[in-house]
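Reading through the structure tokens given below for one structure.
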2 protein chains.
Amino acid sequence: MPDPSFFTDEPQLTPLLRKLRSITRLSARDEQAILRLPAHPRVFTAGQDLVSEGDRSTQCWLVLMGWVQRYKLLSGGRRQISAFHVAGDMADLPSLHLPVMDHSLGAVTYVMAASIPHEALRELLERHPDLNAPFWRDTLVDAAIFREWVANVGRRPAYQRLAHLFCELYLKQAAVGLAQDHRCPMPVTQVDLADATGLTSVHINRTLRDLRRDKLIDLRSKTLVIHDWTRLVEAAEFDPTYLQLDRTLAA
Amino acid sequence: MPDPSFFTDEPQLTPLLRKLRSITRLSARDEQAILRLPAHPRVFTAGQDLVSEGDRSTQCWLVLMGWVQRYKLLSGGRRQISAFHVAGDMADLPSLHLPVMDHSLGAVTYVMAASIPHEALRELLERHPDLNAPFWRDTLVDAAIFREWVANVGRRPAYQRLAHLFCELYLKQAAVGLAQDHRCPMPVTQVDLADATGLTSVHINRTLRDLRRDKLIDLRSKTLVIHDWTRLVEAAEFDPTYLQLDRTLAA
DNA sequence: CGTAATTTTGAGTCGTCTCAACTATAGTGG
DNA sequence: CCACTATAGTTGAGACGACTCAAAATTACG
């Protein structure tokens with residue numbers, strides 16, 4: 001159910017501003033320039049790819065609503081998710097300088113996204129060189145998140161690993177106003193969680209039960225409720241530095 | 001044993017050019033500008049940190065010789081390595097836009113590195129806006145490698161995981177002329193390999209034995225010898241797309 | 001040449017996986 | 001609005017890949 005105003009001519013780029021503001025500072029002039037970017041809205045149903053491995057992009061997708069996942073398919077039906085993206089994320093900003101996709105971007109939920117031509121972005125950056133830094137910084141924050149995922153998947157046991165993922169996804173959403181009061185959307189299946197953490201869905205199920213048993217969280221009807229943020233952070237050994245959020249959000 | 005010419009006034013930035021050329025195209029003018037960057041050489045002994053978690057950087061380190069690793073320390077003595085860097089790599093280019101380190105950069109071997117002040121880099125990018133793209137692209141390639149590592153650690157069994165790492169490190173070095181004839185430097189301990197793959201050193205030892213038994217590789221005196229590149233690639237299910245090398249290097 | 005670091009091997013354990021069935025929830029069409 | 005069907009979640013039992021602990025063998029280094 002897309003918001004009717006969504007299909008008006010005016011591009012809805014404010015989520016992008018909110019995102020960029022959460023990790024950097026922008027001048028009013030630069031913000032205006034961003035808002036003038038041409039953006040073509042489109043919807044995707046759950047499971048659809050926005051971009052698939054091997055595609056050559058000439059545009060970037062900005063997520064406006066819903067969740068998008070970044071994933072690789074391996075042989076034998078194995079899959080690894082390397083990122084979740086929410087409203088405001090330029091999910092495939094990398095395609096601006098790496099046009100051939102080495103992975104896919106898929107819609108986790110019903111998704112509204114806006115495509116922005118590479119050409120328009122390049123022109124923006126040319127006219128407003130100051131904007132190189134914020135966007136570049138955005139890709140650097142994403143890279144920092146990938147690094148944290150390497151550590152998560154490589155060195156943390158299942159319980160800690162899931163807890164860590166929840167801490168990250170809560171803060172990431174809170175930073176752009178999509179979460180508060182220790183609850184946030186978590187519109188993924190246990191299979192998705194498994195593919196994001198390098199576990200099996202069976203083990204995710206049992207680990208979720210343990211997290212629930214310990215009164216740390218609840219995950220029901222696609223909503224994560226955090227019962228005890230402090231203990232969740234402890235259990236996860238979560239340090240939000242890597243998210244590079246301007247101000248640490250109060251717990 | 002530093003090369004004597006290393007300490008002359010002339011900055012030795014050619015490895016950087018070689019690296020950038022392996023993943024992008026540069027104009028002669030831009031190349032000249034890069035060569036004029038001020039670079040202050042320094043050596044590090046194995047085990048020393050170039051930069052530590054929590055540090056605030058005002059300069060970037062360019063690796064000139066030796067290997068550098070990117071790693072995070074976790075509780076209980078656990079460690080996760082998320083990248084290896086070789087000559088030509090701007091190991092902490094991220095610090096240009098994310099000055100607070102969320103991880104450490106350590107010397108794997110005896111290392112020669114050159115520090116380039118952030119200020120000089122910013123000035124370079126201001127005067128040569130075309131250079132934003134190549135450097136940005138470099139951080140995007142690193143991010144692509146992180147993503148591949150997430151998949152490697154998350155979804156591949158030990159044997160495949162190690163094989164994949166070796167394919168990557170061989171190609172990465174070959175791309176900048178540091179490897180050829182299916183042999184390359186691999187100056188890491190089994191503990192390092194364990195921390196890069198999310199395994200234990202004991203299991204690395206046994207997996208190396210298996211790879212050796214299968215006549216795929218040999219790893220002796222810090223040198224990797226690949227006996228059968230084709231079968232190694234097969235075993236690893238290695239697809240070099242993510243490295244974004246200009247030309248695929250012949251097998 | 002002695003000492004530390006690294007590699008190798010064995011034996012037992014454990015976290016996570018596999019396979020398989022069953023239950024619950026959500027979406028769809030009559 | 002309910003029945004039907006597909007999707008998602010839950011549980012049990014057994015297997016296995018990787019881990020732990022510990023010691024011995026080898027190699028590197030000052």
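What you see is a predicted model, and the numbers here were worked out from it, not measured in a lab. Letters go in sequence order (proteins before strands), and every chain restarts at 1.
Within 4.0 Å of A:G198, counting heavy atoms only, lie sugar-phosphate atoms of the nucleic acid but no base atom.
Closest approach to the B:T189 side chain among D:dG9, D:dT11, C:dT6 is made by C:dT6 (side chain taken as heavy atoms from C-beta onward). Out of D:dA8, C:dT7, C:dT18, the shortest distance to the side chain of A:V202 is found at C:dT18.
Comparing B:V191 and A:R161 by the nucleotide of DNA chain C whose heavy atom lies nearest to each, the residue mapping closer to the 5' end is B:V191. Of the two residues contacting DNA chain C, namely A:S221 and A:L199, the nearest-nucleotide position lying further toward the 5' end is that of A:L199.
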(message) Quick one, B:T223 with B:R220, criterion side chain to side chain donor-acceptor pair (under 3.5 Å). Give me CA distance, side-chain angles, the key distance, then yes/no.
(response) CA-CA 5 Å; B:T223 300; B:R220 242 187 285 133; over 6 Å; no

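Side-chain atoms of A:D55 never come within 3.5 Å of backbone atoms of A:M101 as a donor-acceptor pair (strictly under, hydrogens ignored). Remark: the backbone N or O of B:C184 is not paired with any side-chain donor or acceptor of B:Y170 at under 3.5 angstrom.
For B:R206 and C:dG10, a side-chain-to-base donor-acceptor distance below 3.5 Å is present, hydrogens and geometry of angles not being considered.
If you measure from atom CD of B:Q190 to atom P of C:dT6, you get 11 Å, rounded to the nearest angstrom. The CG-C1' distance, from A:L162 to C:dT16, rounds to 13 Å in whole Å. One atom, CG of A:D195, and another, P of D:dG9, lie 12 Å apart when rounded to the nearest Å. Whole-Å rounding puts the B:D210 CG to C:dT9 P distance at 11 Å. When rounded to the nearest whole Å, the span between CD1 of A:I204 and P of D:dT11 equals 15 Å.
For the pair B:N205 and C:dT7, the criterion of a side-chain N or O lying under 4.0 Å from OP1 or OP2 is not met. One finds a side-chain N or O of B:T200 lying less than 4.0 angstrom from the OP1 or OP2 phosphate oxygen of D:dC19.
Near DNA chain C, defined here as any heavy-atom distance below 4.0 Å, the residues from residues 150-160 of chain A are A:P157, A:A158, listed numerically.
If you look at B:Y242 and B:W149, their ring centroids are not closer than 6.0 Å.
Evaluated for a side chain to side chain contact (heavy atoms under 4.5 Å, CB included) with A:L140, the options B:D142, B:L93, B:T139 yield exactly one hit, B:T139. The only member of A:D89, A:L169, A:V68, A:I145 that meets side chain to side chain contact (heavy atoms under 4.5 Å, CB included) when paired with A:F84 is A:L169.
To the nearest 0.5 Å, atoms OG (B:S22) and CD (B:Q244) are separated by 11.0 Å.
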